[in-house]
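Let me begin by presenting the structure, written as structure tokens, before commenting on it.
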Amino acid sequence: MAEPTRWVTETKDGHSQWYIHRFREMAAEGEDLIGEARLVDAMVPRRARILDAGCGPGRHAGELHARGHSVVGVDADPELIAAAEQDHPGPTYAVVDLAELELASLGQAQPFDAALMAGNVMVFLAPGTETAVLRRVAACVSPEGFIVIGFHVTRHLSLADFDRHVADAGLRLEHRFATWDLRAWHDDADFAVTVLRHA
């Protein structure tokens, strides 16, 4: 049994429904919520296999599916997965803690071309599971594939600690940016978007 994630231990009752409602409202207001999906789409071949690890209510999985990719979205929160299935049908969704992720349990015989970890997924992992989660996600990605991760570097996980987890998981840093629209990384940035490859 996986350790409880920070999504469970450090949020209030009703947080998942608040989160779902918040993004539904922003979508209805026409806000741009798919920058992360656009980036991944630009990096993969057509009809790629993509893992949305920590998919939340499914906005990126849904967008990538709409662009012709085969997408599996996983999240530990069943409320978020239910919202994803309702709001963004098309991808395959599963309730899975990333600390227990494996291809076989997803019913997948082949590895993915890419994995996306958006929405501060790294920040909300159970403390101490960061390296293990990166290893498990990496094990689901093909040798030529990549993982792209974005998170606020001022919340629970420093960039230096993240980079240590990356190395310990057998991954290497290929690119780093300060935003999902690829603004240059700088040391004062409070957000990091990192592209990882197998070492």
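Side-chain atoms are counted along with the backbone in the values below, which use heavy atoms only and exclude waters and symmetry mates.
Remark: Glu102 engages no residue in a side-chain hydrogen bond (donor to acceptor under 3.5 Å, both in side chains) (not counting sequence neighbours). Here Arg135 pairs with nothing under the salt bridge (Lys or Arg N to Asp or Glu O under 4.0 Å) rule; sequence neighbours left out. With sequence neighbours excluded, no residue forms a side-chain hydrogen bond (donor to acceptor under 3.5 Å, both in side chains) with Glu130. For Ala160, the side chain to side chain contact (heavy atoms under 4.5 Å, CB included) test picks out Ser158, Arg164, with sequence neighbours left out. Not a single ring pair (Phe, Tyr, Trp, His ring centres under 6.0 Å) links Trp185 to another residue, sequence neighbours left out. Annotation: side-chain hydrogen bond (donor to acceptor under 3.5 Å, both in side chains) contacts of His165 (sequence neighbours excluded): Thr131. The side-chain hydrogen bond (donor to acceptor under 3.5 Å, both in side chains) search around Arg47 returns none, not counting sequence neighbours.
Sorted by first then second residue, the ring-ring contact (aromatic ring centres under 6.0 Å, His included) pairs that include residues 99-135, not counting sequence neighbours, are Trp7-Phe124. For residues 107-126, every residue pair satisfying the side-chain hydrogen bond (donor to acceptor under 3.5 Å, both in side chains) rule, not counting sequence neighbours, is listed here: Arg49-Gln108, Asn120-His152. Applying the salt bridge (Lys or Arg N to Asp or Glu O under 4.0 Å) rule to pairs touching residues 14-24 yields Arg24-Asp87, sequence neighbours excluded.
Residues Ile81, Val95 make up the rest of the hydrophobic cluster containing Tyr93, defined by ILVMFWY side-chain heavy atoms closer than 4.5 Å, directly or through other members.
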Just list the side-chain donor-acceptor pairs under 3.5 Å for residues 50-60, sequence neighbours left out, or say none.
unit_1	atom_1	unit_2	atom_2	d
Asp52	OD2	Ala61	N	3.2
Arg59	NE	Leu33	O	3.1

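Between His21 and Trp18, the ring center distance fails the sub-6.0 Å criterion.
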